[in-house]
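The next block holds one structure in the form of structure tokens; read it before the comments.
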Number of protein chains: 2
Amino acid sequence: MTEQVTTGTDVTRMRELNALSIVRALRGGPPSTVTEVAARTGLSRPGTDVIVQGLVADGWLTVVEPDGSSVVGRPARRYRFNAGAGHVVGVDVGVHKVLAMLADLDGTVVRTARLPVDPGADPAARLTVVDAAVDECLAGAGLRPDDVWAITVGVTGPVDAGGRTTLFTPLPGWASVSPAGHLAARFSCPIQVENDCKLAALAERWQGAARDADDIVYVLAGMRCGAGLIIDGALRRGHGGAAGEIGALRAVRWLTAPSHLENCAGLPAGIDTDDAAAWVFNAARAGDKAARTAVRRYTRDLAVGTAALVLTLDPQVVVLGGGFSRSADLILDQLARELGRTCLRVPEIRASTLGDESVALGALRLALDEVDARLFGVSLPAPLAPRA
Amino acid sequence: MTEQVTTGTDVTRMRELNALSIVRALRGGPPSTVTEVAARTGLSRPGTDVIVQGLVADGWLTVVEPDGSSVVGRPARRYRFNAGAGHVVGVDVGVHKVLAMLADLDGTVVRTARLPVDPGADPAARLTVVDAAVDECLAGAGLRPDDVWAITVGVTGPVDAGGRTTLFTPLPGWASVSPAGHLAARFSCPIQVENDCKLAALAERWQGAARDADDIVYVLAGMRCGAGLIIDGALRRGHGGAAGEIGALRAVRWLTAPSHLENCAGLPAGIDTDDAAAWVFNAARAGDKAARTAVRRYTRDLAVGTAALVLTLDPQVVVLGGGFSRSADLILDQLARELGRTCLRVPEIRASTLGDESVALGALRLALDEVDARLFGVSLPAPLAPRA
DNA sequence: TACTCTTTGTCAAGAGCGCAGCATTATTCG
DNA sequence: CGAATAATGCTGCGCTCTTGACAAAGAGTA
């Protein structure tokens, strides 16, 4: 009966809110004068000035002394969000590689480390490579683990509430592994584990092909098919983290779709599975009839699942990603035709622009979102200074 | 460059925020003392008292003088949210009937009007019935149009940005009709038009079978099949308002599923389409073999589309609604079995508890949400008093 | 009935914050 | 060098919340 339902605002809490308003107004934008910040936030100029001084003292903002720009009047000091006050890490744990990225609070990538992994490596060995990639990023930037404010790890397969991929994973022995638990031994910041398709979807909205859209279906087209959903501007996981796994429906032949490429007539004998797809796409581009048929069948199967997603969600954009998005020229048109036949309202269809960095980038974005939620959320911001 | 990005908080704005906090703390709950409200909001008791007095003066709260309850200490005045300060209207425009509901700001239904419509009635005639139903509610409660703060109209078929059902509607001539435009002539409040399945989903989460869930797939099972989606606690419309229209996919036989019932062997000759389904369900319950087969086939088709929705969204609950939810005893078990075979994580499956009032109730809920957004959103609340 | 105890209702003092307005400073232009 | 322009810095004012204290109203007890 006496539970705290709503948060009343204290006058000192108001101060914090205004400080956060100012930080938000400066994030991602160019350095600005106090007058500009005051105009953007709706606060008065003197009040803005006082708060800005405090934020500078705490390390949130840095001062940019006026250069010799030729404007009438007294030259103004400018203030810039101190993106280097904190950093986030995103990791893509793949079958063949581990890709780690380190970014500052503006999302600018500071350091990247890509390490190969044996596809058959056991969990312990794979986690060691993860550690090595993260360490390489930190060492290269001269940072310590305490300087990292959030970490996100991208893995293949639906991620459950405990951050494990118990339902499905292509990595040997990985089903019971908790990457978050492993990293928590060295990092005290929040650590999230998320599905690779979902992270790639975030990346496409952040820096990729769907920057303008709030309702996005990201389709991963490769030897494994998957999807990530962004609805009303936010990544949706579903109640058990299995949203987007339409491929499990038998009528949607996402599991068997790649076999059209693997079994294409005319493939060189003994070709590797991963190279087979590339061969078929090249052959199709060159006019090979069997290859064109294989690509058509693959695309048709891909389209059935995509249509189910599109009809369910009515997105603005469908982004085609994954390894085969390099061959979007062969897939996109037919995909659009098939969706046009089945869907009520046909969304735009675009090819991914981020290549194989999309998962790691999306991991960075999710880590930044976590930081934002902590800073701009309900709780008070702890006064933080860049490393002393 | 000088656009207003963030809202700085003034000291007088803080007052408004605290007033809203107090209103929120009292909404939907029992009448409370100032001390209780202070505890819930985190404000001090004197401060709370001042604001409460102001809210009483403005008509937001009403005073409940202490009754002879036997507690130690001075008996406290209690304050209650004045739900009668405003009202909302929800309308369900069906093929055979128009159902209008009037509720106060607590969502308590004050008045209901159900009027029959000729299924072949032209748009003008149908809108006249809508007007009559709404007027009957208002007159019965002694209210004028200005006392209504929001209206939502539920219709069948996907609703576009302009509030029209241009893509599909079973109502003759209705495709180009704008119910919102029609009502706007007499009501100056916000008027929303929304798809019936989506509204029914809202109703089930509000007062029905899914009160505890944030991720819900509502499936309308009747002579027409449809779906409404609630994801992360909010109704999702999709970019063009066509979310949930999975029935358009050919592999999902929602359009033809009811034909299993209509063409069931043994149906009495010349039976009405609407009565046919009821006959089949009754016969199946009595053990009729052909009827059981028809129900089984109907359910199987229903399950395919439901599985697509479930796999896409991974909801916590699937609610079976619509006219056939009365026969949930015949459908639910098989539906659960089919979903168990196809889905990665099987959600709970529950039957609707709201009957044919669900659409109108959902319309009320959406109208209340609209009011909430206006009151608790970014803009300042206008001081409002109950009718003088 | 008189006294104590508990909780409410009310008031006054004090502190924090933002705003308006004015004086001061630094720079460009003529 | 002086006028114009725009940023900076300072002071007084008003608003709000909080803390603390005191009077008021009823229950329980002797």
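Naming convention: chains lettered A, B, ... in sequence-line order (proteins, then strands); numbering from 1 in each chain.
If you measure from atom CG of B:D49 to atom P of D:dT18, you get 13 Å, rounded to the nearest angstrom. Summarising the geometry, the separation between CD on B:E65 and P on C:dT8 is reported as 15 Å, rounded to the nearest angstrom. Summarising the geometry, the separation between CD on A:Q53 and C1' on D:dC10 is reported as 14 Å, rounded to the nearest angstrom. Protein atom CZ of A:R74 is 5 Å distant from nucleotide atom C1' of C:dT25, rounded to whole Å. If you take CD of B:E16 and C1' of D:dT16, they are 13 Å apart, rounded to a whole angstrom.
How far CG of A:D232 is from CG of B:D232: 10.0 Å, rounded to the nearest 0.5 Å. Considering OG1 of B:T62 and OH of B:Y79, their distance stands at 10.5 Å, rounded to 0.5 Å.
Under 4.0 angstrom from either OP1 or OP2 of C:dT8 there lies at least one side-chain N or O belonging to B:T35. B:R15 has no side-chain polar atom (N or O) that falls below the 4.0 Å cut-off from OP1 or OP2 of D:dC15. Close to C:dC17, at under 4.0 Å from its OP1 or OP2, lies no side-chain N or O of A:N18.
In this structure, B:S44 reaches the bases: a heavy-atom distance under 4.0 Å links it to at least one base atom across the strands shown. Nucleic acid contact class of A:R77 (heavy atoms, under 4.0 Å, all strands): sugar-phosphate only.
Screening residues 71-88 of chain B for salt bridge (Lys or Arg N to Asp or Glu O under 4.0 Å) gives B:E36-B:R78 as the qualifying pairs, with residues at least two apart or on separate chains.
Remark: B:D49 does not engage B:R45 in a salt bridge, criterion side-chain N to carboxylate O under 4.0 Å.
Residues satisfying the side chain to side chain contact (heavy atoms under 4.5 Å, CB included) criterion with A:R111, sequence neighbours excluded, are A:L102, A:C137.
Of all heavy-atom pairs between A:W206 and A:R211, the closest is O-CG, 3.3 Å.
The side chain of B:I51 sits closest to D:dC17 out of D:dC17, C:dT28, C:dC17. Among the nucleotides D:dC10, D:dA21, D:dC17, the one closest to any side-chain atom of B:R45 is D:dA21. Distances were taken from every side-chain heavy atom of B:P75 (C-beta onward) to each of D:dA25, D:dT5, D:dT19; the shortest belongs to D:dA25. In this structure, the nucleotide among D:dT5, C:dG18, D:dT18 sitting nearest to the side chain of A:M14 is C:dG18. Counting only heavy atoms from C-beta on, A:A76 has its side chain closest to D:dA7 among C:dT8, D:dA7, C:dA20.
For the pairing with B:L364, the side-chain contact (heavy atoms from CB on, under 4.5 Å) check across B:T152, B:L199, B:V109 returns one residue only, B:V109.
Heavy-atom distances to DNA chain C give each of B:V34 and A:G73 a nearest nucleotide, and the one nearer the 5′ end belongs to B:V34.
Rounded to 10 degrees, the angle between the two end axes of the helix from C:dT1-D:dA30 to C:dG30-D:dC1 is 0°, with five pairs used at each end.
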